[in-house]
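Beneath this line is the structure, given in structure tokens, with notes to follow.
What's counted below: heavy atoms across the whole structure, side chains too, no hydrogens, waters or symmetry copies. Counting starts at 1 for both ligands and their atoms, following the listed order.
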Amino acid sequence: MSEKLRVGILGGTGMVGQRFITLLENHPWFEVVLLAASGRSAGKSYEEAVDGRWKMTCPMPEFVKKMPVYDMDKDFDKIVESVDFVFCAVNMPKNEIKALEERYAKAEVPVVSNNSANRWTEDVPMVVPEINPEHLEVIEAQRKRLGTKRGFICVKPNCSIQSYTPALNALKEFGPKLVVATTYQAISGAGKTFAQWPEMVENIIPYIGGEEEKSEKEPLRLWGEVKDGKVVPATTPQITCQCIRVPVLDGHTAAVFVNFEKKPTKEQIIEKWRNFKGVPQELELPSAPKHFIQYLEEDDRPQVKLDVNYENGMGVSLGRLREDAVFDYKFVGLSHNTLRGAAGGAVLIAELLKAKGYITAK
Ligand SMILES: N[C@@H](CC=O)C(=O)O
């Protein structure tokens with residue numbers, strides 16, 4: 001068995017960074033060798049830097065407790081020489097994240113990012129490995145632009161879209177043309193727990209900054225075509241969304257209405273969902289769900305409490321498919337926002353990048 005790739009985590013102390021650590025603890029291909037964060041945490045051990053703000057339900061893994069946290073800016077040279085690639089989960093203004101990700105990529109360190117800063121950079125692939133693995137092709141053009149041989153940036157989309165985009169993707173041949181979605185988003189999407197956000201107990205807040213635009217536009221980029229080293233976003237379906245914060249810890253739910261060019265039967269839709277698979281399933285990537293989509297027949301499913309951890313939080317649960325008086329159909333989707341929607345989705349991208357030879361040992 002070949003040696004594991006050496007991974008650094010930029011922004012390791014926040015909620016998504018913590019998720020990365022738990023997912024990578026016993027990863028068969030990757031080993032966390034370095035943690036970095038802002039100057040505030042630098043120089044401390046990971047345990048000191050987190051300082052009681054460990055938000056996972058499992059205990060902090062022993063292997064990270066005493067690891068030093070480096071300054072992702074000042075310790076740049078040390079980080080670059082120590083890793084084969086990095087995951088980026090920093091919490092900073094967008095322009096600073098863009099500059100940081102590009103700085104690492106230009107220093108020949110591939111960056112797999114959870115952040116939105118580069119989601120609309122034309123030669124940066126934004127990937128859900130089951131949906132658009134072919135977008136990785138634009139890495140070649142990106143490397144030319146950056147002047148690199150190994151370094152590049154690859155990003156994952158926003159967590160909100162993962163509860164309905166895979167469902168629509170599986171039905172592409174029927175031409176979804178108009179989609180109305182309302183998302184019911186968990187508080188961990190904002191990096192918080194109930195203890196940190198007591199206002200959310202027994203409450204609903206009908207606003208998540210920037211979320212509706214992401215939810216409407218990002219699926220179109222996933223369905224875009226690669227032309228001349230760039231991703232050209234699709235122009236259909238038209239999607240309109242409302243995004244609502246609800247008192248749930250983990251799990252984004254979406255209630256969706258859809259019209260098709262060619263209306264399928266209910267049986268056809270369920271068959272497409274149940275049989276949908278992609279490259280991660282074919283390659284049996286370590287974090288790939290065996291069945292990406294499950295369809296639940298019971299009227300009261302999917303439920304966050306029962307279904308959010310389907311396929312270790314990497315699968316999507318669908319239910320309540322029925323004909324509608326105004327649209328062709330309506331249904332409900334659920335996905336885990338910090339697993340499939342954040343760190344887990346990024347780990348799966350890194351596995352695909354390794355399997356396709358884009359990230360290698362130095
Ligand atoms: N912006 C989302 C997090 C997804 O990445 C949210 O606030 O739930």
>> Does this structure show an ion pair linking Lys230 with Asp123, if we count only N-O contacts that are shorter than 4.0 Å?
In response: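 A salt bridge is absent here (no side-chain N lies under 4.0 Å from a carboxylate O).
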
Per-pair distances, 0.1 Å, donor-acceptor, side chain in residues 57-70, under 3.5 Å, sequence neighbours excluded:
unit_1: Glu62; atom_1: OE2; unit_2: Lys65; atom_2: NZ; d: 2.9
unit_1: Lys66; atom_1: NZ; unit_2: Glu47; atom_2: OE1; d: 2.8

Atom pairs and distances, donor-acceptor, side-chain atoms in residues 169-182, under 3.5 Å, two or more places apart:
unit_1: Asn169; atom_1: OD1; unit_2: Trp223; atom_2: NE1; d: 2.7
unit_1: Glu173; atom_1: OE1; unit_2: Lys272; atom_2: NZ; d: 3.0

Name the atoms and distances for all side-chain donor-acceptor pairs under 3.5 Å in residues 248-258, with sequence neighbours left out.
unit_1: Asp250; atom_1: OD1; unit_2: Ser188; atom_2: OG; d: 2.7
unit_1: His252; atom_1: ND1; unit_2: Ala186; atom_2: N; d: 3.0
unit_1: His252; atom_1: NE2; unit_2: Gln185; atom_2: NE2; d: 3.4

With the criterion set at N/O pairs under 3.5 Å, what does the list of contacts between the protein and ligand 1 look like, atom names and distances included?
unit_1: ligand 1; atom_1: 1 (N); unit_2: Glu211; atom_2: OE1; d: 2.9
unit_1: ligand 1; atom_1: 1 (N); unit_2: Glu211; atom_2: OE2; d: 3.2
unit_1: ligand 1; atom_1: 5 (O); unit_2: Asn158; atom_2: OD1; d: 3.3
unit_1: ligand 1; atom_1: 5 (O); unit_2: Cys159; atom_2: N; d: 3.4
unit_1: ligand 1; atom_1: 7 (O); unit_2: Gly189; atom_2: O; d: 3.3
unit_1: ligand 1; atom_1: 7 (O); unit_2: Arg245; atom_2: NH1; d: 3.4
unit_1: ligand 1; atom_1: 7 (O); unit_2: Arg245; atom_2: NH2; d: 2.6
unit_1: ligand 1; atom_1: 8 (O); unit_2: Gln185; atom_2: NE2; d: 2.9
unit_1: ligand 1; atom_1: 8 (O); unit_2: Arg245; atom_2: NH1; d: 2.9
unit_1: ligand 1; atom_1: 8 (O); unit_2: His252; atom_2: NE2; d: 3.1

> Same cluster or not: are Leu146 and Leu10 linked, directly or through other Ile, Leu, Val, Met, Phe, Trp or Tyr residues, by side-chain heavy atoms under 4.5 angstrom apart?
Replying inline: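 No: no chain of side-chain contacts under 4.5 Å links Leu146 to Leu10.
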
>> Tell me whether Lys354 forms a cation-pi arrangement with Trp29, defined as NZ or CZ under 6.0 Å from the six-membered ring centre and within 45 degrees of its axis.
In response: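 Checked: cation-pi criterion met.
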
